[in-house]
Amino acid sequence: MQTTSKRSSIALAFISTVSVIAAGVAPAQALTLMDIIRGGPGKRAPSYDSGLPGVDAGRQAPRNIDPQPLPKVSGPKYHVYKADPARLVKTAGFAANASTGPERLLAEAKVSAPSDIAAALEAFYGKSTKPLWISAGDINEKGRDVLALFDRAQEFGLDPADYRLAPPELVTASTQTVSATVSDASKTPVGSDHDRALMQFELALSAKALMFAQDMIRGRLDPNRISGYHDFKRKDVKLSLVLPFIRSGEDAAGYLEGLIPQSDHFLALKDELARLRAEEADEGQRIALPENLLLKPGATSPELANVVAAIRKHGSDALKEKHSAFLASYQQDDQYTPAVVDLVKGFQDEAGLKPDGVIGPATVRAMVGHSVAAKIDKLTVAMEQARWLPADLGGRHVFINQPAYTASYHDGGTEQFSMRVVIGSKANQTYFFQDQIETVEFNPYWGVPQSIIINEMLPHLRADPSYLDRMGYQVEVNGRPVSSTSVNWYGSTQSIAVRQPPSSDNALGELKILFPNEHAIYMHDTPSKSFFKRDMRALSHGCIRLAEPRKMAAAVLGVSEQEIGAKIAKGKNIGETVSDRIPVYVAYFTAWPNKDGVVEYFDDVYDRDAATLKALKATSTARVS
């Protein structure tokens with residue numbers, strides 16, 4: 001029996017290992033352990049090194065150790081979103097530049113704003129306190145136009161409440177309480193409460209204008225505060241240019257509205273949002289079907305009438321034309337006849353589903369879609385997230401949309417092809433980030449990530465230290481090859497590396513496409529081709545499995561698929577550099593336009609829309625307060 005101190009030291013070793021790995025290695029890669037460990041022993045026995053920490057080449061690691069809790073590597077967390085903190089604008093320096101008019105009261109204004117906005121206000125009004133929004137003792141046309149723009153903020157995927165300001169009421173001679181006599185009954189004397197309110201409004205509206213400009217360009221959220229799965233450098237917005245431009249121009253509202261992203265995909269989302277806002281009144285006409293409906297050919301169900309009605313409403317014109325005779329003669333029969341089956345198969349095929357005629361949850365979702373309110377939420381999130389990406393995605397780029405389970409290749413600004421992909425499971429989520437493709441590797445090794453070594457291999461290795469040797473995996477300690485039998489699998493795995501040599505059973509298949517990132521995520525082939533037939537394809541350890549890897553490799557390298565096949569046929573592990581700059585967007589959009597500009601909607605696989613909507617609500621609450 002081990003002593004308490006012995007158990008404690010082992011536990012501390014595990015805690016240390018897990019903390020290091022959790023901080024630096026994300027769960028990624030392709031197959032479940034049962035998918036990847038199917039081969040026999042390696043083709044040749046490697047030469048092993050002894051004298052390394054945790055290694056005894058002469059005997060097996062001890063197995064009569066008291067059971068200890070197995071360590072686990074967990075993925076990143078979702079956070080409680082914290083909005084940008086605000087501070088008071090430092091107005092004391094404004095008085096030095098003020099004239100004898102009401103603007104001298106700007107130094108008394110009390111406005112709080114995020115630090116970068118506050119600094120821009122201080123720099124602008126520190127040079128001149130001439131008002132932007134106030135003329136002749138009242139809000140001028142420029143100010144009223146900007147207030148009207150803020151009221152339309154939802155058109156741009158923003159929240160009008162974030163920018164709303166109550167204009168100060170104009171105080172006339174009949175209502176003002178100051179004792180001074182004024183010659184113009186439309187204005188109160190300089191130094192009155194009304195003048196102070198106007199200057200307070202001046203500074204507050206400038207702060208809101210800067211916020212609106214910033215939000216239009218980069219979005220309201222810092223995505224990295226939503227979860228550890230978001231990885232973006234937040235865009236910088238040159239706030240120092242906004243107020244000077246407004247001062248020199250006539251149309252402040254037009255300038256601010258013109259800051260909206262001009263990409264085709266963003267404008268398609270904006271147009272779709274406007275269309276749905278107009279349809280909200282018709283929400284009661286939505287066709288309903290049970291989410292758990294399951295109908296097979298030959299079955300009988302009263303829901304079949306709604307199935308046909310949903311296809312009438314949401315099916316393409318081409319589909320309805322092909323089945324026009326049936327649709328014209330359909331009498332709302334409850335029998336799932338061959339004619340209805342053919343109609344459903346056609347709809348499933350158009351929706352990218354398996355055209356088997358079986359009506360299940362995925363087909364129901366495609367038929368009835370999401371509610372208008374749910375779609376508006378998806379569009380709001382999509383427009384926020386689209387602002388995190390570059391305004392121009394690039395003439396050549398690869399766009400992976402995780403909720404759609406697709407990867408598309410674009411050249412010349414248009415989609416050339418799209419293919420099915422498998423993404424990370426909910427327990428091993430794929431990150432949301434952008435990078436640049438650098439290399440295509442043929443006949444790759446698979447370097448097993450620490451998360452899989454610890455979470456999935458350790459239980460087998462503690463029962464059978466020869467496990468990896470038998471399965472043909474290569475083990476290294478501090479870069480030197482060793483037998484898995486000789487490793488003490490009860491110690492730290494930090495210096496241990498495991499990799500699977502190239503083979504037909506390799507987890508990465510024939511090739512992988514690399515865009516080096518700290519999350520160890522890339523695109524690759526897979527021997528588990530059957531997964532691509534499923535509608536729900538969140539099944540991997542985090543990497544992106546491609547249904548047509550040779551096609552994607554040929555596209556990014558600018559060669560033919562035949563050339564790709566020839567390189568693979570050589571059986572050698574070689575890498576080829578991608579010479580052109582090709583960005584890759586490992587994105588997450590539950591609303592996104594297809595190649596024809598039509599916005600499509602997808603299920604929220606990881607519940608990230610919900611997290612983003614909570615973050616937006618927290619931001620609005622903080623701004624209003």
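We're numbering straight along the sequence, starting at 1.
Nearest heavy atoms, Pro593 versus Leu269: CD-CD2, 4.1 Å. Here the closest heavy-atom approach between residue Leu293 and residue Leu295 is recorded as CD1-CG, 4.0 Å. Considering all non-hydrogen atoms of both residues, Leu511 and Ile568 come closest at CD2-CD1, 4.0 Å. Nearest heavy-atom pair across Arg608 and Thr430 is NH2-O, 2.7 Å. Shortest non-hydrogen contact noted between Asp469 and Ser484 is OD1-N, 3.0 Å. When every heavy atom of Ile226 is checked against every heavy atom of Ala611, the shortest pair comes out as CG2-CB, 4.0 Å.
A salt bridge does not link Asp525 to Arg550: none of the charged side-chain nitrogens sits closer than 4.0 Å to a carboxylate oxygen. A salt bridge links Asp603 with Arg365; the closest basic N to acidic carboxylate O contact falls under 4.0 Å. Remark: Lys345 does not engage Asp342 in a salt bridge, criterion side-chain N to carboxylate O under 4.0 Å. Note on Asp607 versus Lys426: salt bridge recorded, some NZ/NE/NH1/NH2 to OD/OE distance being below 4.0 Å. Under the 4.0 Å criterion applied to side-chain N and carboxylate O atoms, Arg396 and Asp580 are assigned as salt-bridge partners.
Residues Glu510 and Asn443 bring no donor and acceptor atom of their side chains to less than 3.5 Å of each other. Using modelled atom types and a 3.5 Å distance limit, the side chains of Glu456 and His541 yield a donor-acceptor pair. For the residue pair Ser503/Asp505, the side-chain donor-acceptor check at 3.5 Å is not satisfied. For the 3.5 Å distance criterion, the side chains of Thr590 and Asp604 fail to qualify, holding no donor opposite an acceptor. Defined by atom type and a distance below 3.5 Å, a donor-acceptor pair is present between the side-chain atoms of Ser425 and Asn428. No side-chain donor-acceptor contact under 3.5 Å links His524 and Thr526.
Here salt bridge (charged side-chain N to carboxylate O under 4.0 Å, His left out) pairs that include residues 407-422, with residues two or more places apart or in two chains, number zero.
Phe432 and Phe232 have perpendicular rings, their planes meeting at more than 60° on a 0 to 90° scale where under 30° would count as parallel. Ring geometry, Tyr78 versus His230: the interplanar angle exceeds 60°, so the pair is classed perpendicular (tilted spans 30 to 60°). Using bins of under 30°, 30° to 60° and over 60° for the plane-to-plane angle, the ring pair Tyr473/Trp446 lands in the perpendicular bin. Note on ring orientation: taking the six-membered ring where Trp is involved, the planes of Tyr431 and His519 are parallel (angle under 30°, cut-offs 30° and 60°).
Around the NZ atom of Lys529, the shell of radius 6.0 Å holds more than 12 heavy atoms that belong to other residues, nucleotides or ligands. Applying the 6.0 Å contact sphere to NZ of Lys235 captures more than 12 heavy atoms from other residues, nucleotides or ligands. For Glu321, the CD atom sits in a loose shell: 12 or fewer heavy atoms of surrounding residues, nucleotides or ligands are nearer than 6.0 Å.
Residues Phe602 and Trp592 keep their aromatic ring centres 6.0 Å or farther apart.
A side-chain donor-acceptor contact under 3.5 Å links Glu563 to the backbone of Ser560. Side-chain atoms of Thr577 do not come within 3.5 Å of backbone N or O of Ser579 as any donor-acceptor pair. Judged by distance alone, with hydrogens and angles left aside, the side-chain atoms of Arg545 form no donor-acceptor pair with the main-chain N or O of Val421 at under 3.5 Å. Side-chain N or O atoms of Tyr81 include none that pairs as donor or acceptor with a backbone N or O of Pro223 at under 3.5 Å. Counting only distance, with no hydrogens or angles, the side chain of Tyr585 and the backbone of Leu393 share a donor-acceptor pair below 3.5 Å. One N or O on the side chain of Gln500 and one on the backbone of Ala507 form a donor-acceptor pair closer than 3.5 Å. Counting only distance, with no hydrogens or angles, the side chain of Arg537 and the backbone of Arg534 share a donor-acceptor pair below 3.5 Å. Using a distance-only test at 3.5 Å, with no hydrogens or angles considered, no donor-acceptor pair links the side chain of Gln402 to the main chain of Phe589. Counting only distance, with no hydrogens or angles, the side chain of Gln348 and the backbone of Thr363 share no donor-acceptor pair below 3.5 Å. Distance alone, capped at 3.5 Å, is enough to place a donor-acceptor pair between the Ser540 side chain and the Cys543 backbone.
The shortest distance between side-chain heavy atoms of Asn573 and Glu441 falls below 4.5 Å. Between Trp489 and Pro465, some side-chain heavy-atom pair lies under the 4.5 Å cut-off. Between Phe442 and Glu576 there is a side-chain heavy-atom pair separated by less than 4.5 Å. With a 4.5 Å cut-off on side-chain heavy atoms, Asp377 and Asp609 do not count as touching. The side-chain heavy atoms of Lys595 and Thr414, taken from C-beta on, include no pair separated by under 4.5 Å. Under the 4.5 Å side-chain criterion, counting only non-hydrogen atoms from C-beta, Thr439 is not in contact with Tyr522.
Once rounded to the nearest 0.5 Å, the distance linking CD1 of Ile400 with CE of Met419 reads 10.0 Å. Ile521 contributes atom CD1, which lies 12.5 Å from atom CG of Leu514 (distance to the nearest 0.5 angstrom). If you take OH on Tyr405 and CG on Leu539, they are separated by 7.5 Å, rounding to the nearest 0.5 Å. Annotation: the span from His79 atom NE2 to Arg225 atom CZ amounts to 11.0 Å, rounded to 0.5 Å. Between atom CD of residue Glu384 and atom CG of residue Leu613 there is a gap of 10.0 Å, rounded to the nearest 0.5 Å. To the nearest 0.5 Å, atom OH of residue Tyr601 and atom NZ of residue Lys378 are 9.5 Å apart.
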### Query
Going through the checks in order, is the side-chain contact (heavy atoms from CB on, under 4.5 Å) test met by Ile217 and Arg387?
CA-CA 6 Å; Ile217 294 171; Arg387 289 178 162 107; over 6 Å; no
### Message
Test salt bridge (charged side-chain N to carboxylate O under 4.0 Å, His left out) on Lys551 and Glu561; report intermediate values, then the result.
### Response
CA-CA 6 Å; Lys551 188 172 188 176; Glu561 289 189 54; 5.6 Å; no
### Query
Passes side-chain contact (heavy atoms from CB on, under 4.5 Å), Tyr409 versus His397? Steps please.
CA-CA 6 Å; Tyr409 172 75; His397 68 269; over 6 Å; no
### Task
Given side-chain contact (heavy atoms from CB on, under 4.5 Å), test Gln436 with Ile582 step by step and report yes or no.
CA-CA 6 Å; Gln436 183 172 323; Ile582 304 179; 5.7 Å; no
### Query
Taking it one step at a time, do Arg218 and Trp388 satisfy side-chain contact (heavy atoms from CB on, under 4.5 Å)?
CA-CA 6 Å; Arg218 76 177 188 185; Trp388 305 341; over 6 Å; no
### Query
What do the steps show when you test Arg470 against Asp464 for salt bridge (charged side-chain N to carboxylate O under 4.0 Å, His left out), and what is the final call?
CA-CA 10 Å; Arg470 290 189 296 99; Asp464 176 12; 2.7 Å; yes
### Message
If you apply the rule ring-ring contact (aromatic ring centres under 6.0 Å, His included), what do you find for Tyr606 with Tyr588, and how did you get there?
### Response
CA-CA 9 Å; Tyr606 300 144; Tyr588 192 95; 5.6 Å; yes
